[in-house]
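Not measured: the values here are computed from a predicted model. Atoms considered below: every heavy atom in the structure, side chains included; atoms not considered: hydrogens, waters and symmetry mates.
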Amino acid sequence: MKKTVKGRWRLAVALGVVATLGISGCGLNEDNGSSSGSSADSVLRIGTTTDVSNFNPLQSLSKTDSWILNAMYPHLLRIDENAKKAPELAKEYRYEDDGKTAVFDLRDDFKWTDGQPVVAEDVKFSAEMIMKYKLGNVAAKLTWVESIEAPDATTVRFRLSQPYAPFAEGVGFWMSIVPKHIFENAGDLSKFPNDSNWVGAGPFVLDSMTKGQRYVMKRNENYPLAPEGKAAVSQVEYRVYPDVNTMMLALRNGDIDMMGTPVPVSAAKTFENDDKIKLEKVGALGFAHLTYNMKNEYLADQEVRQALSMAVDTKAIISAVLQGDGQQMAGPISPVFSDYDNTEIQPYPFDPAGAKAKLTAAGYKDANNDGFFDELNFGVACDQSNANITRVVQLFRESAAQAGIKLENECVERNTFLTRTKNGEYDIDASQWGVFDNPMDQLRSTYLSSNPGGINYNLLESPEMDALINDAAGTTDPEAFKTKIKNIDKVVHEQAYLTPLYVENFRFAYNASKFTGFVPSPSDLLGMVTAYSLAQVTPVQ
């Protein structure tokens with residue numbers, strides 16, 4: 001691929017860009033005295049519905065984990081408000097050796113909160129520990145790394161076994177950089193909880209926590225990506241609420257200053273007459289989907305998966321759940337990636353009668369004439385805090401019944417849901433990907449059988465898919481690469497490994513009378529609370 005040759009994929013980076021660039025146990029109307037006023041002592045309170053489940057940034061996957069840990073541990077790159085990669089710790093990157101070496105040049109003004117500089121050895125150590133212990137979803141992105149070099153404090157070279165087009169952007173965006181001088185003393189990092197005495201280099205560092213209630217972060221007095229060299233707000237506090245509705249009430253009452261979780265479309269209008277509350281609209285880097293567990297003997301049948309795809313009235317779901325503010329998908333590649341989305345494939349038509357005929361032809365029976373096929377009874381797991389997805393599950397159950405397929409709602413608390421999906425303890429997974437920063441990494445993470453620490457929730461083990469993915473990943477010609485991605489898009493659609501539902505827009509609510517200056521990023525996971533965004537926020541005087 002021409003862009004992998006030295007200089008062609010170099011980021012146009014300039015330092016000047018950066019410089020200019022329920023609570024379950026807490027009540028409402030509590031302790032809000034310092035959430036406005038001077039920037040010297042301002043506190044920004046953010047609502048969430050989930051506790052931190054893992055404080056080790058090298059292996060955490062949960063949304064609230066990411067919000068807090070990304071504010072503490074820098075990444076090489078970030079995604080800007082236009083879904084493009086932008087510099088963070090790295091000033092720039094380039095490829096050498098015909099794409100087999102990725103080189104990052106680092107800034108020299110990041111410091112850990114204990115005063116140590118952030119250096120190339122920290123990057124090298126972070127990557128090597130992820131590879132050694134196969135930590136998190138970054139491990140898959142480092143599969144082809146043969147060696148890592150840090151010849152000086154600001155240069156890191158990743159030597160690859162073969163060219164991999166999205167390597168630098170994928171690793172740069174996803175990998176947290178941890179302080180080597182702290183983490184190297186922790187032993188086995190797959191067992192390191194990192195749940196106290198935090199040392200970070202982001203705009204904020206965790207100071208204290210009360211599970212089920214709040215996470216208090218103090219300002220890092222040296223954060224070079226903030227306009228004044230440090231964030232304007234002195235403290236960020238995440239408050240845990242049991243559900244989004246309670247969180248919305250807390251925002252109205254002034255108990256929090258913003259919602260980290262998107263506002264459901266159906267509820268957005270309730271803020272329209274509130275002069276203090278502003279809604280910010282951002283796009284999605286993920287999409288809602290139904291994923292089928294291939295270890296279930298019936299869901300392993302392509303005919304059943306296709307019938308289920310025909311039993312989902314996606315247009316009605318978009319109308320009812322998103323009030324029409326969403327785009328239907330056909331394959332697993334979002335239309336956000338227009339170069340790779342195979343527009344020749346079409347979504348399965350909503351046709352419950354056709355689905356029933358397909359299953360009958362495949363030999364499935366309704367012996368007791370109760371209207372349901374005897375073997376086709378599935379549970380649908382979801383995160384009960386996601387109001388849109390819980391509604392999707394209800395509508396899916398009703399439409400699938402028309403096709404003779406009985407579904408049971410298995411929506412549970414988020415961390416329980418994440419544990420179940422990670423362990424494959426479900427039949428059908430109804431959920432929403434948060435962030436896919438490029439199609440190749442997405443396909444490798446979700447379908448490659450050998451993917452360590454990934455999100456292959458299908459539990460798919462397909463030699464055909466492995467071959468297609470590995471072949472595309474090593475293709476450096478841009479046009480051939482696009483063609484291969486589109487072909488995988490088609491194969492996944494034909495196999496109906498998942499039923500893509502929609503790409504939606506997200507709305508984030510905050511109290512504009514108290515704070516301003518957020519820099520939103522696409523996706524519900526990133527939204528308004530990225531490290532860079534929080535570092536730009538200023539109190540309204």
Side-chain angles (χ1 to χ4, degrees), residues 287-317 328-333 342 344-382 392-410 420-421 424-431 443 446-447 449 456-469 487-502:
F287 57 90
H289 60 94
L290 304 166
T291 292
Y292 306 114
N293 188 335
M294 297 292 287
K295 299 300 183 186
N296 180 299
E297 64 175 301
Y298 301 110
L299 293 173
D301 185 345
Q302 181 183 3
E303 299 287 339
V304 173
R305 299 193 302 273
Q306 289 181 336
L308 281 162
S309 295
M310 296 166 66
V312 182
D313 191 351
T314 306
K315 291 182 179 177
I317 286 174
Q328 188 175 7
M329 291 177 59
I333 302 300
N342 189 337
E344 294 182 357
I345 61 177
Q346 297 298 315
Y348 287 90
F350 175 57
D351 183 4
K356 184 174 276 188
K358 174 186 280 289
L359 294 170
T360 300
Y364 292 96
K365 306 292 185 184
D366 176 12
N368 61 5
N369 294 314
D370 66 350
F372 293 99
F373 292 102
D374 300 334
E375 304 92 341
L376 305 185
N377 185 341
F378 305 112
V380 185
C382 86
V392 166
V393 171
Q394 294 171 359
L395 296 172
F396 181 32
R397 182 179 58 190
E398 295 167 5
S399 61
Q402 300 176 45
I405 303 172
K406 183 177 290 185
L407 302 179
E408 296 178 8
N409 184 332
E410 295 180 351
R420 287 187 57 181
T421 50
E425 298 169 353
Y426 67 93
D427 297 326
I428 301 173
D429 162 33
S431 59
L443 294 172
T446 51
Y447 297 116
S449 61
N456 180 357
Y457 291 164
N458 282 107
L459 303 178
L460 180 65
E461 296 180 9
S462 166
E464 178 194 12
M465 283 295 292
D466 286 352
L468 290 173
I469 290 169
N487 182 53
I488 297 173
D489 198 11
K490 179 182 177 183
V491 171
V492 172
H493 172 71
E494 291 174 347
Q495 286 291 329
Y497 290 133
L498 84 167
T499 303
L501 296 175
Y502 54 75

*Please report the closest heavy-atom contact between Lys356 and Gly404, naming both atoms and the distance.*
CE-N, 3.9 Å
*Side chain of Asp351, backbone of Ala355: donor and acceptor closer than 3.5 Å?*
no
_Under a 3.5 Å distance rule, please check whether Gln495 uses its side chain to pair with a backbone N or O of Gln302 as donor and acceptor._
no
*Any Val491 side-chain heavy atom under 4.5 Å of Tyr447 side chain*: no
*Specify the closest pair of heavy atoms between Met294 and Ala300, including all atoms of both residues, with the distance to one decimal.*
O-CB, 3.5 Å
_Polar side-chain atom of Asp429 near backbone of Thr291 as donor-acceptor pair, under 3.5 Å_ = no
*If you measure from CD on Gln394 to CD1 on Ile317, what distance do you get to the nearest 0.5 Å?*
11.0 Å
_Is any side-chain heavy atom of Ser462 closer than 4.5 Å to one of Tyr497?_
yes
*Closest heavy-atom contact between Ser449 and Glu461?*
CB-CA, 3.8 Å
*Can you tell me if Asn342 uses its side chain to pair, donor with acceptor, with the backbone of Asp489 under 3.5 Å?*
no
*Step by step, work out the side-chain contact (heavy atoms from CB on, under 4.5 Å) result for Thr360 and Asp366.*
CA-CA 9 Å; Thr360 300; Asp366 176 12; over 6 Å; no
*Looking at side-chain heavy atoms only, is the closest gap between Val492 and Leu498 below 4.5 Å?*
yes
*Side chains of Arg397 and Val380: closer than 4.5 Å at any heavy-atom pair?*
no
*asked:* Distance check, rounded to the nearest 0.5 Å: His493 atom NE2 versus Glu344 atom CD?
replied: 12.0 Å
*Take Leu395 and Asp313 through the test side-chain contact (heavy atoms from CB on, under 4.5 Å) and record every step on the way to the result.*
CA-CA 8 Å; Leu395 296 172; Asp313 191 351; over 6 Å; no
*How far apart are the C-alpha atoms of His289 and Ser431, what are their side-chain angles, what is the distance that settles it, and do they pass the side-chain contact (heavy atoms from CB on, under 4.5 Å) test?*
CA-CA 6 Å; His289 60 94; Ser431 59; 3.2 Å; yes
*Is there a side-chain contact between Leu299 and Ile428 (heavy atoms, below 4.5 Å)?*
yes
*What's the verdict on side-chain contact (heavy atoms from CB on, under 4.5 Å) for Gln346 and Gln328, showing C-alpha distance, side-chain angles and the deciding distance?*
CA-CA 10 Å; Gln346 297 298 315; Gln328 188 175 7; over 6 Å; no
*Identify the two heavy atoms, one from Phe396 and one from Ala311, that lie closest to each other, and give their separation to 0.1 Å.*
CD1-O, 4.2 Å
*asked:* Donor-acceptor check, side chain of Arg420 to backbone of Glu425, threshold 3.5 angstrom: yes or no?
replied: yes
*Measure the spacing between CD of Glu375 and CG of Asn296 and express it to the nearest 0.5 Å.*
11.5 Å
_Students often mix this up, so state it plainly: with edges at 30° and 60°, are the rings of Tyr364 and Tyr298 parallel, tilted or perpendicular?_
perpendicular
*Do Ile405 and Leu308 come close enough that some side-chain heavy atom pair is under 4.5 Å?*
yes
*CG-CG distance between Asn293 and Leu459, expressed to the nearest 0.5 angstrom*: 4.5 Å
*Between Thr499 and Tyr292, do the side chains contain an N or O donor and an N or O acceptor separated by less than 3.5 Å?*
yes
*Return the minimal non-hydrogen interatomic distance between Ala430 and Val393, and the atom names on each side.*
CB-CG2, 3.7 Å
_Rounded distance [0.5 Å steps], CG in Leu359 versus CZ in Phe373_ = 4.5 Å
_Within a 6.0 Å radius of atom NZ on Lys490, are there more than 12 heavy atoms belonging to other residues, nucleotides or ligands?_
no
_If I compare all heavy atoms of Leu501 with all of Thr314, which pair ends up nearest, and what's the gap?_
O-CG2, 3.1 Å
*To the nearest 0.5 Å, tell me how far Leu290 CG sits from Asp427 CG.*
12.5 Å
